[in-house]
Amino acid sequence: MARTKFHALLIRLWGAALLCLCVSANALDVSRPVISIIIDDIGYSRSLGEQALALPHGVTLAILPFAPYSKHFSEKAQNQGREFMLHIPMKGHENENLDPGILTSDMSEAEFIAAIESNLDALDGYAGINNHKGSELTADEEKMRLFLQQVAKRERLFVIDSKTTRQSYLSRFASTFGVPYASRNVFLDVDRSPDAIKEQFSLLLAKAKQKGYAIAIGHPHPETLATLSELLQDDLREEFLLLPVQQQLELRQHGNRLATAGFD
């Protein structure tokens with residue numbers, strides 16, 4: 001067991017070293033608009049998860065805590081030196097199957113805290129978190145305050161608000177408790193047709209040009225992965241800087257264009 005833990009630590013340190021090299025190389029160049037892309041819902045499909053891992057290293061994976069292949073992909077992401085996030089299930093308004101570990105508004109405070117801790121302990125090595133669904137829960141002021149209180153106790157985590165509702169309190173309380181945060185600007189694949197995904201990708205680029213930074217969320221659909229593989233080519237990266245989410249947040253906080261930890 002000790003050897004396994006030591007091996008996992010070495011993997012995390014190696015991944016962190018690779019990310020630091022990337023930051024050192026890119027932090028000097030803030031002349032290009034910065035984009036970050038998150039692929040949510042990783043963990044249920046092994047084949048689609050492998051395709052997501054084949055995307056450029058600047059793409060961040062958001063891995064569900066208790067899906068069948070969650071640990072597999074968290075380990076592979078660390079082996080790649082790729083940033084990944086914990087994609088925490090939260091109750092939405094839809095009549096839906098409840099994901100393992102889901103946080104709901106009807107939990108008692110003790111139940112809610114225990115469920116948060118169970119989610120946060122499910123995987124190792126993630127840099128930040130974002131919400132899986134959550135249109136109902138993220139609009140619950142009391143529960144979001146409690147959620148961010150617990151997240152703030154974990155060192156060096158950032159939060160991305162997936163913005164599944166306009167009434168979300170997630171970003172607001174991240175700011176209150178000093179947790180680095182940002183909000184999703186674009187969903188890439190509400191419509192999964194390649195043309196629609198390309199249109200949303202163009203919207204991402206337009207927002208990045210306008211504000212300096214932008215974040216998109218997509219999903220491990222075959223259409224999304226194939227379209228991103230086509231779009232994320234060298235000619236695009238001559239005009240835009242593709243960065244993992246944490247590096248974008250660091251540029252927002254310390255860069256010379258936009259000095260703010262939060263950015264909606």
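In the model, R145 has no side-chain atom that pairs as donor or acceptor with a side-chain atom of Q149 under 3.5 Å. For the residue pair D140 / S105, a side-chain donor-acceptor distance below 3.5 Å is found, with atom types taken as modelled. Of the N and O atoms on the side chains of D40 and H132, not one donor lies less than 3.5 Å from an acceptor on the other residue. Of the N and O atoms on the side chains of S193 and D191, at least one donor lies less than 3.5 Å from an acceptor on the other residue.
Not one N or O on the side chain of T227 forms a donor-acceptor pair closer than 3.5 Å with the backbone of T224. Between the side chain of D189 and the backbone N or O of G218 there is no donor-acceptor pair closer than 3.5 Å. One N or O on the side chain of T164 and one on the backbone of S135 form a donor-acceptor pair closer than 3.5 Å. Looking at S108, its side chain does come within 3.5 Å of a backbone N or O of E111 through a donor-acceptor pair. The main-chain N or O of L225 is never found under 3.5 Å from a side-chain atom of S229 such that the two would form a donor-acceptor pair. S74 places a side-chain N or O within 3.5 Å of a backbone atom of K71 that can act as its donor or acceptor partner. The main-chain N or O of E83 is never found under 3.5 Å from a side-chain atom of Q246 such that the two would form a donor-acceptor pair. With S202 contributing its side chain and K198 its backbone, the two residues share a donor-acceptor pair below 3.5 Å. A donor-acceptor pair is defined here as one N or O able to donate and one able to accept, closer than 3.5 Å; such a pair exists between the side chain of R82 and the backbone of P56. At least one donor-acceptor pair under 3.5 Å links the side chain of Q200 to the backbone N or O of F187.
Residues P65 and P89 form a side-chain contact, since some pair of their non-hydrogen atoms from C-beta on lies under 4.5 Å apart. The shortest side-chain heavy-atom distance between I37 and L204 falls under the 4.5 Å cut-off. A heavy-atom distance below 4.5 Å is found between the side chains of I38 and V245. The side-chain heavy atoms of L242 and L236, taken from C-beta on, include no pair separated by under 4.5 Å. When side chains are defined from C-beta on, Q78 counts as touching F84, because their heavy atoms get closer than 4.5 Å. Considering only heavy atoms from C-beta on, T138 comes within 4.5 Å of M144 through its side chain. Side-chain contact between D41 and I63 is absent, with no heavy atoms from C-beta onward closer than 4.5 Å.
Each of R252, Q247, K211, Q248 was evaluated against V34; a single residue qualifies, Q248, per the side chain to side chain contact (heavy atoms under 4.5 Å, CB included) test. Across L61, L157, I160, a single residue satisfies side chain to side chain contact (heavy atoms under 4.5 Å, CB included) together with M85, and that is I160.
Looking at every heavy atom in both residues, R192 comes nearest to P222 through NH2-CD, 4.3 Å. Between Y181 and A174, the shortest heavy-atom distance links the atoms CB-CB, 3.7 Å. Listed here is the closest heavy atom pair of A208 and P33: O-CB, 3.5 Å. For the residue pair S36 and L243, the shortest heavy atom distance occurs at OG-O, 2.6 Å. Taking each heavy atom of A182 and L249 in turn, the nearest pair found is CB-CD2, 3.6 Å. Shortest non-hydrogen contact noted between G101 and N119 is O-ND2, 2.8 Å.
The CE atom of M90 sits 7.5 Å away from the CD1 atom of I116 when rounded to the nearest 0.5 Å. Atom-to-atom distance recorded for L137:CG and F147:CZ is 8.0 Å, nearest 0.5 angstrom. In this structure, CG on L170 lies 11.5 Å from OG on S175, to the nearest 0.5 angstrom. The CG atom of L48 sits 13.0 Å away from atom CZ of R46, with the distance rounded to the nearest 0.5 Å. In this structure, OG in S162 is found 3.5 Å from CG in N131, a value given to the nearest 0.5 Å. Atom OG1 of T60 and atom NE2 of H57 lie 11.0 Å apart (nearest 0.5 Å).
Placement of I197 and L205 in two distinct hydrophobic clusters is found when ILVMFWY residues are connected by side-chain heavy-atom separations under 4.5 Å, directly or transitively. Residues F66 and V151 do not share a hydrophobic cluster, defined by chaining ILVMFWY side chains whose heavy atoms lie under 4.5 Å apart. When the side chains of ILVMFWY residues are joined at heavy-atom separations under 4.5 Å, either directly or via intervening members, F177 and I88 end up in a single hydrophobic cluster. L55 and L64 fall into different hydrophobic clusters, where Ile, Leu, Val, Met, Phe, Trp and Tyr are joined by side-chain heavy atoms under 4.5 Å apart, directly or via other members. If you chain together hydrophobic residues whose side chains sit under 4.5 Å apart, L86 and Y44 never meet in one group.
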Checklist entry - How far apart are the C-alpha atoms of F73 and L53, what are their side-chain angles, what is the distance that settles it, and do they pass the side-chain contact (heavy atoms from CB on, under 4.5 Å) test? => result CA-CA 9 Å; F73 284 116; L53 282 171; 3.6 Å; yes
Checklist entry - When you look at E109 and K143, which way does the salt bridge (charged side-chain N to carboxylate O under 4.0 Å, His left out) test go after all the steps? => result CA-CA 8 Å; E109 180 173 322; K143 284 295 194 288; over 6 Å; no
Item to check | Trace of the side-chain contact (heavy atoms from CB on, under 4.5 Å) decision for T176 with Y169 | outcome: CA-CA 11 Å; T176 298; Y169 285 95; over 6 Å; no
Checklist entry - Could you walk me through whether N130 and D161 pass the side-chain contact (heavy atoms from CB on, under 4.5 Å) check? => result CA-CA 6 Å; N130 71 331; D161 190 343; over 6 Å; no
Next on the checklist: Pair I217, H219 - check side-chain contact (heavy atoms from CB on, under 4.5 Å), show working.
Outcome noted: CA-CA 7 Å; I217 290 178; H219 300 84; 4.2 Å; yes
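A salt bridge links D121 with R154: the closest approach of a Lys/Arg side-chain nitrogen to an acidic carboxylate oxygen falls below 4.0 angstrom. One finds a salt bridge joining K76 and E50 here, because a Lys/Arg side-chain nitrogen approaches an Asp/Glu carboxylate oxygen to under 4.0 Å.
The aromatic rings of Y69 and H72 lie perpendicular to each other, with more than 60° between the two planes, well past the 30° mark.
Because its NZ or CZ atom is not both nearer than 6.0 Å to the ring centre of F158 and within 45° of the ring axis, R156 does not count as a cation-pi partner of that residue.
Annotation: E117, atom CD; neighbour count of heavy atoms from other residues, nucleotides and ligands within 6.0 Å is above 12.
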